[in-house]
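Only a predicted model underlies this, so the values are computations on that prediction, with no experimental measurement involved. In what follows, chains are A, B, ... by sequence order, proteins preceding strands, each numbered from 1.
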Protein chains: 2
Amino acid sequence: MPAESERTEMLDSETKAVETPEDHADELRLWLRLLTCTTLIEGEVRGRLRQRFDVTLPRFDLMAQLDKAPDGMTLSDVSKRMMVSNGNVTGLVERLVESGHLDRRTSETDRRVQVIRLTKLGRAEFRKMAAEHETWIADLFAELSPKDVRELMRLLAKTKASAQKSAARRRP
Amino acid sequence: MPAESERTEMLDSETKAVETPEDHADELRLWLRLLTCTTLIEGEVRGRLRQRFDVTLPRFDLMAQLDKAPDGMTLSDVSKRMMVSNGNVTGLVERLVESGHLDRRTSETDRRVQVIRLTKLGRAEFRKMAAEHETWIADLFAELSPKDVRELMRLLAKTKASAQKSAARRRP
DNA sequence: GGGAAACATTTTAGGCTTAAAACAATTTGG
DNA sequence: CCAAATTGTTTTAAGCCTAAAATGTTTCCC
């Protein structure tokens with residue numbers, strides 16, 4: 001426990017629990033700052049992808065998932081990985097098949113399942129974009145020291161675990 | 001500088017700059033983790049707002065901005081604060097006026113400007129939602145110690161500054 | 001075998017979001 | 001003063017996104 005109290009109005013921990021509403025302002029500020037950072041970076045990446053490659057961020061993200069899976073993925077896999085709804089993936093895939101970046105085929109062993117892969121074109125274009133994308137990210141985080149990066153990684157891992165537990169508490 | 005090298009393949013800093021492509025994998029992983037955390041929390045908040053109050057997250061966010069500005073804000077102000085496009089705000093405001101949560105009037109001193117405020121209903125509903133929302137956030141971050149929270153705040157502030165500088169470098 | 005449950009995907013309806021163009025009002029600099 | 005630039009907002013066109021319902025397929029298990 002830290003020496004300094006973060007709740008200055010609290011004089012006696014016995015009287016706290018029931019009566020005084022807890023002070024959650026710090027967590028709220030933290031959440032807003034987290035959201036700001038993400039929005040800022042995401043907007044920047046989105047803009048650069050559009051300007052340099054005329055591609056949208058969701059398309060890029062989907063292709064990134066597939067680049068890591070040479071044997072293809074099912075739509076459900078993609079949807080879980082990207083943390084978006086099923087219907088969303090259906091539409092995205094439709095457009096990427098249309099533009100020749102993706103190949104979609106029904107699984108031979110389970111006719112419910114659609115397996116999607118990058119086409120040769122899709123893979124080539126993705127690799128080109130990904131190389132540049134990586135330099136943008138490095139530039140956006142340029143002022144963080146290697147130690148900062150490690151520390152942020154650690155704290156965000158803890159945050160993710162905390163949020164997942166909270167979500168599981170509500171939806172068991 | 002940390003004692004341990006994070007780029008094991010680099011033997012001589014003289015030869016680095018031009019020839020070997022830099023290793024940005026750590027920053028990329030950090031960005032993905034940041035995005036995962038935000039998406040996770042955002043999705044959770046979105047779902048709870050819908051279930052408990054039948055309200056969308058963007059509506060809630062807009063009302064949160066206005067709650068902090070009793071004298072109202074212009075659409076541009078809101079758009080900058082929320083980091084979304086102008087047209088987006090136009091549509092959101094339209095729906096919130098329609099539902100009786102917002103009041104919109106043209107400024108008397110500048111006929112270009114629209115000033116929006118929460119109505120009595122809008123303020124009352126927002127306050128109710130905000131109180132509960134704060135407990136959700138606290139719960140989502142529950143496993144972070146006060147020290148973790150402070151440290152994250154510090155590192156995210158640094159991240160934000162870094163990203164803003166990078167964005168400014170590109171779009172001066 | 002056959003019905004119920006589970007699963008994968010698509011569809012639907014509605015809302016959110018963006019970039020860019022269009023429009024309207026004000027400010028500015030000659 | 002007045003044309004040009006700037007500012008604030010809306011419109012447009014396209015795409016993204018969700019939750020929930022619908023559809024088709026497979027698995028479970030009695």
Side-chain angles (χ1 to χ4, degrees), chain A residues 35 38-40 42-63 72-99 101-102 104-116 171, chain B residues 35 38-40 42-63 72-99 101-102 104-116 171:
Chain A
L35 191 54
T38 301
T39 306
L40 186 60
E42 195 172 305
E44 199 59 27
V45 171
R46 183 195 312 282
R48 297 191 201 204
L49 280 173
R50 187 182 43 72
Q51 285 202 347
R52 277 289 284 131
F53 300 112
D54 194 32
V55 76
T56 66
L57 184 52
R59 273 168 156 92
F60 178 81
D61 286 344
L62 177 35
M63 293 171 83
M73 300 173 78
T74 71
L75 296 201
S76 296
D77 288 347
V78 173
S79 149
K80 278 187 203 87
R81 288 293 196 115
M82 292 181 73
M83 300 195 282
V84 301
S85 68
N86 289 339
N88 189 357
V89 174
T90 297
L92 267 174
V93 167
E94 220 158 60
R95 288 182 286 271
L96 279 165
V97 168
E98 168 67 27
S99 64
H101 294 85
L102 258 56
R104 180 206 340 218
R105 63 186 59 171
T106 302
S107 158
E108 285 167 15
T109 63
D110 185 340
R111 291 209 311 268
R112 289 172 300 182
V113 173
Q114 302 285 317
V115 177
I116 55 176
R171 226 180 319 89
Chain B
L35 191 54
T38 301
T39 306
L40 186 60
E42 196 172 303
E44 199 57 26
V45 171
R46 184 195 312 282
R48 297 192 200 204
L49 280 174
R50 189 183 41 73
Q51 285 203 346
R52 278 286 285 129
F53 301 112
D54 193 32
V55 77
T56 66
L57 183 51
R59 273 167 158 92
F60 178 81
D61 286 344
L62 176 36
M63 292 171 82
M73 298 174 79
T74 70
L75 296 199
S76 296
D77 288 346
V78 172
S79 149
K80 278 188 202 90
R81 287 292 196 115
M82 294 181 71
M83 299 195 285
V84 301
S85 67
N86 288 339
N88 190 354
V89 173
T90 296
L92 269 173
V93 166
E94 223 158 58
R95 289 183 286 271
L96 280 165
V97 168
E98 169 67 27
S99 63
H101 295 84
L102 259 55
R104 183 209 332 220
R105 63 186 61 171
T106 302
S107 159
E108 284 167 16
T109 63
D110 185 339
R111 292 207 312 267
R112 289 172 302 184
V113 172
Q114 301 285 317
V115 178
I116 56 176
R171 227 180 318 86

Given the structure, check if the side chain of B:Arg112 and the base of D:dT7 hold any donor-acceptor pair shorter than 3.5 Å.
yes
With no hydrogens and no angle check, just 3.5 Å: does a side-chain donor-acceptor pair link B:Thr74 and B:Ser76?
no
B:Glu42 CD - C:dT17 C1' separation (whole Å)
13 Å
Trace of the side-chain contact (heavy atoms from CB on, under 4.5 Å) decision for A:Leu75 with A:Asp77:
CA-CA 5 Å; A:Leu75 296 201; A:Asp77 288 347; over 6 Å; no
From D:dT9, D:dT11, C:dT9, pick the nucleotide closest to the side chain of B:Glu94?
D:dT11
Both A:Arg95 and A:Asp110 contact DNA chain D. Which one's nearest nucleotide lies toward the 5' end?
A:Arg95
By nearest atom, which of the nucleotides D:dT25, C:dC16, C:dT9 is closest to the A:Arg111 side chain?
D:dT25
Sugar-phosphate only, base, or nothing, as touched by A:Thr90 at under 4.0 Å among non-hydrogen atoms
base
Could you tell me how far apart A:Leu57 (CG) and D:dA14 (P) are, to the nearest whole angstrom?
21 Å
For A:Ser79, which of A:Leu92, A:Val89, A:Thr90 qualifies under side-chain contact (heavy atoms from CB on, under 4.5 Å)?
A:Val89
Under 3.5 Å, is there a donor-acceptor pair between the side chain of A:Ser99 and the main chain of A:Leu96?
yes
B:Arg59, nearest nucleotide to its side chain (from C:dC16, D:dG8, C:dT9)
C:dC16
In whole angstrom, give the distance that lies between atom CZ of B:Arg46 and atom C1' of C:dT17.
12 Å
Assign each of A:Gly43 and B:Leu92 to its nearest nucleotide of DNA chain C by heavy atoms, then name whichever residue's nucleotide is nearer the 5' end.
B:Leu92
Are any of A:Arg50's side-chain N or O atoms less than 4.0 Å away from OP1 or OP2 of C:dA20?
yes
Over 12 foreign heavy atoms within 6.0 Å of CZ, B:Arg48
yes
Would A:Thr106 and A:Gln114 count as having a side-chain donor-acceptor pair, cut-off 3.5 Å?
yes
Can you tell me how far P of D:dT9 sits from CG of B:Asp77, to the nearest Å?
8 Å
Find which nucleotide of DNA chain C each of A:Gly91 and A:Gly47 is nearest to by heavy atoms, and output the residue with the more 5' nucleotide.
A:Gly91
Figure out the CG/P separation between A:Asp54 and D:dA14, and round it to whole Å.
14 Å
Interatomic distance, B:Arg104 atom CZ to B:Glu98 atom CD [nearest 0.5 angstrom]
10.5 Å
For C:dC16 and B:Thr56 - does any side-chain N or O of the residue sit under 4.0 Å from the phosphate oxygens OP1/OP2?
yes
Hey, does A:Ser79 reach any base, or is it just sugar-phosphate, or nothing, if we go heavy atoms under 4.0 Å?
nothing
Can you tell me if B:Ser76 touches the phosphate of D:dT7, counting only side-chain N or O atoms and a distance under 4.0 Å to OP1 or OP2?
no
Across the strands shown, which category fits A:Ser85 at heavy-atom distances under 4.0 angstrom: base, sugar-phosphate, nothing?
base
Distance from A:Arg81 atom CZ to A:Leu62 atom CG, nearest 0.5 Å?
12.5 Å
Would one find a side-chain N or O of B:Asn88 under 4.0 angstrom from OP1 or OP2 of C:dT18?
yes
Rounding to 10 degrees, work out the angle separating the end axes of the helix from C:dG1-D:dC30 to C:dG30-D:dC1 (five pairs an end).
20°
